[in-house]
Amino acid sequence: QVQLVESGGGLVQAGGSLRLSCVASGRTFSSRAMGWFRQAPGKEREFVAAISRSGGTSYYADSVKGRFTISRDNAKNTMSLQMDSLKPEDTAVYYCAASPSLSAIYLHRIYRTAHDYDSWGQGTQVTVSS
């Protein structure tokens, strides 16, 4: 497993932007697929976006496609989520997640379900006011 720390959450008006960051500890970041999930009060945790270990493949939930952009910098052990055109329904605690280390043959593999990840951050609150 790897330790993950999110930052960048906050309160923003509808239509605004936020950029979330996730910093990973250790030397295995570049071998892991990464993802963002979110959980709103009273709802189950849901997939937001995922990126392959290479950064060359990404995937988004339909609800955020075209508004959110996931990226990673393997040299800095960081992953980001740029969130634009935010809506009140985006309000949630956002979590970053890391998969187990993957061999090079899985360079472009991404995961969309929580059970495929074995490391999680503590979460950062995003609140979008109307």
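Note that the structure is predicted; figures quoted are calculated from it, not measured. In what follows, every heavy atom counts, from backbone to side chain, and hydrogens, waters and symmetry copies are set aside. The first residue in the sequence is number 1, and the count goes up from there.
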Atom [atom1] of [X] and atom [atom2] of [Y]: how far apart are they, to the nearest 0.5 Å?
{"X": "S130", "Y": "E89", "atom1": "OG", "atom2": "CD", "value": "10.0 Å"}
{"X": "M83", "Y": "R19", "atom1": "CE", "atom2": "CZ", "value": "10.5 Å"}
{"X": "D73", "Y": "T78", "atom1": "CG", "atom2": "OG1", "value": "4.5 Å"}
{"X": "N74", "Y": "K76", "atom1": "CG", "atom2": "NZ", "value": "12.0 Å"}
{"X": "Q1", "Y": "S25", "atom1": "CD", "atom2": "OG", "value": "10.5 Å"}

- prompt: Under 4.0 Å between a Lys/Arg side-chain N and an Asp/Glu carboxylate O for D90 and K87?
  reply: no

query: NZ of K43: more than 12 outside heavy atoms within 6.0 angstrom?
result: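 Counting other residues, nucleotides and ligands, NZ of K43 stays at 12 neighbours or fewer.
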
message: Within the structure provided, determine whether R38 and L20 are in side-chain contact (heavy-atom separation under 4.5 Å).
response: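 Counting from C-beta outward, R38 and L20 never come under 4.5 Å.
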
- prompt: Do the numbers put R67 on top of the ring of Y60, so that NZ or CZ is under 6.0 Å from the six-membered ring centre and no more than 45° off the axis?
  reply: no

task: For residues 119-130, pull every pair meeting salt bridge (charged side-chain N to carboxylate O under 4.0 Å, His left out), keeping only residues two or more places apart or in separate chains.
output: none

Closest contact, heavy atoms only, [X] versus [Y]:
{"X": "I110", "Y": "T57", "answer": "CG2-O, 3.7 Å"}
{"X": "S17", "Y": "D84", "answer": "OG-OD1, 2.7 Å"}
{"X": "Q122", "Y": "E6", "answer": "OE1-OE1, 2.9 Å"}
{"X": "T113", "Y": "Y117", "answer": "O-CD1, 3.4 Å"}
{"X": "M79", "Y": "G35", "answer": "CE-O, 3.5 Å"}
{"X": "V93", "Y": "Q125", "answer": "CG2-OE1, 3.2 Å"}

Check: [Y] main-chain N/O paired with [X] side-chain donor or acceptor under 3.5 Å:
{"X": "N77", "Y": "A24", "value": "yes"}
{"X": "D116", "Y": "S99", "value": "no"}
{"X": "R53", "Y": "S30", "value": "yes"}
{"X": "R112", "Y": "A61", "value": "no"}
{"X": "S119", "Y": "Q3", "value": "no"}
{"X": "S31", "Y": "S101", "value": "no"}

In terms of hydrophobic clustering (I, L, V, M, F, W, Y; side-chain heavy atoms under 4.5 Å; direct or indirect links), are [X] and [Y] co-clustered?
{"X": "Y111", "Y": "L4", "answer": "no"}
{"X": "L102", "Y": "W120", "answer": "yes"}
{"X": "W36", "Y": "V128", "answer": "yes"}
{"X": "V2", "Y": "I70", "answer": "yes"}
{"X": "I51", "Y": "Y95", "answer": "no"}

- prompt: Which class fits the ring pair F68 and Y94: parallel under 30°, tilted 30 to 60°, perpendicular over 60°?
  reply: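 Correct class here is tilted.
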
